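First comes the structure, then the notes that go with it.
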Amino acid sequence: MSLKKINPTKTKTWKLLEDHFSKINSAEIKDLIKTNSSNNYKISWENFIVDISKNRLDDKALSLLFQLARECDIEGAILKQFNGEVINETENRAVLHTAIRTDGNEKILLDNNDLVPSIIQTRRKIQEFTDNVISEKIKGSANKAFTDIVNIGIGGSDLGPVMVVEALKHYSSRLKTHFVSNVDGDHVLEVLKDLNPETTLFVIVSKTFTTQETISNASTIKNWLVSSLGEESIIKHFAAVSTNQKEIQNFGINPDFVFPMNDWVGGRFSLWSSVGLSISLAVGYENFEKLLLGANKMDKHFRTSSLEKNIPIVLSLISIWYNNFFKCETEAVIPYTQYLSRLPAYLQQAIMESNGKSVDRSGKKIPYQTGSIVWGDTGTNSQHAFFQLIHQGTKLIPCDFIGFNKPLYKNNTQHDKLMSNFFAQTEALMMGKTKLEVENELTNSGFSKENLTFLTPFKVFEGNKPTNTLLINKLTPENLGSLIAMYEHKIFVQGVIWNIFSYDQWGVELGKQLASKVLKEIENKSIGNHDPSTEFLLNEYLSKN
Ligand code: F6P
């Protein structure tokens, strides 16, 4: 059964939300926070505290948003996704990335087959391979232990693993992990430059095994390897994660080093599958499994909590409130840990490839806004970069602040400093600084009347900038798994309400098709029919090559 096709803007609740929005759109968070029933604005779950009280919301808006979710059949949609219904209609697929992080105590049926045994079997294969590489049982062709792993993949076959490996660096195994993604040959050569072929294991990750970037990089690497270790080294130095058995075989990969993928797991939701092989190698299988179990806990929370206490649902409704009523175009994610520096880039694919759609589930052009633009960087670096615009710019940018109670190093003496910034920024964004406060401050600092009058408007902070605060106990593999799964479910809920298909990505095809046509023209040194600008640029390029 497919997802219902409900235009959210035609629901009864949407109209009520519009009416209510017109009444409260200029209300101040600092006033709302005093009158709102605080219990509705805090969720405490496992190692997470989610505080949504610094938002331009009141109790009525919040309850209408839940009503909207119900009217758009969010509860039915969640059941359909977890039950393996074909909710990715344009690709005729079920969406079951949640199945691959099962705790093993359930049956997950797809076409009457229980998926769990094969999922566990794949996990055992990942575990055995990881243990054997780390313990030096599996070695390279020169009989030397592997010291370095290179993940070759792009999009979902890169962004998830690279983000998690960086996030869990503290838990690293003895292996060093590198990532090659871009078809830019300089990228692959830069990575290879410091590697010893005798001690490097390459993991090719490509669901299709036809992606231009990945296959080009894999071929370049294969030539590099063969030129120093000979043809017979291929079988020892490459592993592959893919659904395309034929191409894997053609590449010459050892069948024992091949890991399966399933078509019911989309690329950007696949880090939990064999795509996470590099993660397992980088941090050890036990930590990889903890990551999966953390995600599984969030899945259970998402499936069973009431809408009002359901973290992904609450966050997605707040985001819809800003996107569709306040007309915010973007939202920022600011993790207060350097380990999560790749989270914004990962979320960009997850969110924007999923919900960047302008046709609804009935195939009609959408007259309202869908997927928001997500961006961000770590605190406190971002405070010294783009926070000026968030505090005093003309745009309203809701932010998620993610912080941790505990640092990872026992001898880290700076954590209070980091966290004081974390707390202070959300307070400053909400409270701002009034004209009177600025004037008093300048008077007390001895400014002349004339200078004070000139400077005051530049130093005023309007405030009323919304934030969600996620305070997590510690950056462990388990909590990271829960955090990522939380954002995955947020994406799904928004897609359901916006009446779009979140699990396809037709928008990436056109550019790919054109690029292969252009490549042939460049190789043949004969430019075909293009618009005048492209034709000029291509001729310019050819004249220099
Ligand atoms: O960017 C488009 C996309 O199809 C992603 O969804 C996917 O993660 C990526 O390309 C890589 O595809 P593959 O794993 O088949 O190489």
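Predicted, not measured: the structure shown is a model, and the values here were computed from it.
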Whether the side chain of [X] engages the backbone of [Y] through a donor-acceptor N/O pair (distance < 3.5 Å, no angle test) should be reported.
X	Y	answer
T378	T337	no
R123	I100	yes
T456	L452	yes
S362	K364	no
Y41	D59	yes
N421	G379	no
S482	G294	yes
R93	W264	no
T102	A99	no
N296	R101	yes

Does a salt bridge link [X] with [Y], judged by any charged N lying under 4.0 Å from a carboxylate O?
X	Y	result
K23	D19	no
K5	D360	no
R70	E75	yes
D504	K357	yes
E462	K433	no
E331	K490	yes
K300	D103	yes

Which heavy atom of [X] sits nearest to which heavy atom of [Y], and what is that distance?
X	Y	value
G104	I120	CA-CD1, 4.4 Å
M486	P312	O-CB, 3.7 Å
P8	L68	O-CD1, 4.2 Å
P466	Y322	CB-OH, 3.0 Å
F404	L475	CD2-N, 3.4 Å
G160	L271	CA-CD2, 3.8 Å

Do you see a donor-acceptor pair shorter than 3.5 Å between the side chains of [X] and [Y]?
X	Y	result
E18	S22	no
N444	E441	no
N355	S502	yes
N151	S278	yes
N7	T9	yes
Q494	S319	yes
N499	R361	yes
W14	N324	no
Q81	Y503	yes
D400	N468	yes
N405	H415	no
T380	Q383	no

Around atom [atom1] of [X], are there more than 12 heavy atoms from other residues, nucleotides or ligands closer than 6.0 Å?
X	atom1	value
E509	CD	yes
F326	CZ	yes
E46	CD	yes
E308	CD	yes
K309	NZ	yes

Heavy-atom check, side chain of [X] versus side chain of [Y], under 4.5 Å:
X	Y	value
F447	T453	no
T426	K465	no
F422	L471	yes
M261	V275	yes
Q425	C399	no
V50	K42	no
F386	I334	yes
L159	R342	yes

Quiz prompt | Stepwise side-chain contact (heavy atoms from CB on, under 4.5 Å) test for L483 and I472 | solution = CA-CA 9 Å; L483 180 71; I472 304 169; 4.0 Å; yes
Self-check item: Test ring-ring contact (aromatic ring centres under 6.0 Å, His included) applied to F21 and W321, step by step
Solution: CA-CA 9 Å; F21 173 73; W321 177 240; 5.6 Å; yes
Practice problem: Kindly determine whether F401 and Y336 satisfy ring-ring contact (aromatic ring centres under 6.0 Å, His included), including the steps that lead there. | Solution: CA-CA 7 Å; F401 275 66; Y336 274 67; 5.6 Å; yes
Self-check item: S37 vs N39, side-chain hydrogen bond (donor to acceptor under 3.5 Å, both in side chains): CA-CA, chis, key distance, verdict
Solution: CA-CA 6 Å; S37 13; N39 192 32; over 6 Å; no
Exercise. State which residue, out of Q349, H97, Q505, fulfils the side chain to side chain donor-acceptor pair (under 3.5 Å) condition with R268.
Key: Q505
Quiz item: Under the side-chain hydrogen bond (donor to acceptor under 3.5 Å, both in side chains) criterion, do T443 and N440 qualify, and how do the steps go?
Solution: CA-CA 5 Å; T443 309; N440 287 341; 5.2 Å; no
Quiz item: Going from CZ on F501 to OG on S2, what distance comes out if it is rounded to the nearest 0.5 angstrom?
Solution: 7.0 Å
Exercise. Report the distance from atom OG of S382 to atom CD of Q388, rounding to the nearest 0.5 Å.
Key: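 These two atoms lie 13.5 Å from each other.
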Exercise. Measure the acute angle between the ring planes of H489 and F302, then classify it against the limits of 30° and 60° as parallel, tilted or perpendicular.
Key: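 The rings of H489 and F302 lie parallel, inter-plane angle below 30°.
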Quiz item: For H170 and Y409, what are the C-alpha separation, side-chain angles and deciding distance, and is it a ring-ring contact (aromatic ring centres under 6.0 Å, His included)?
Solution: CA-CA 9 Å; H170 184 73; Y409 282 93; 4.7 Å; yes
Practice problem: Tell me, with the steps shown, if N88 and E91 meet side-chain hydrogen bond (donor to acceptor under 3.5 Å, both in side chains). | Solution: CA-CA 6 Å; N88 177 359; E91 294 182 338; 2.7 Å; yes
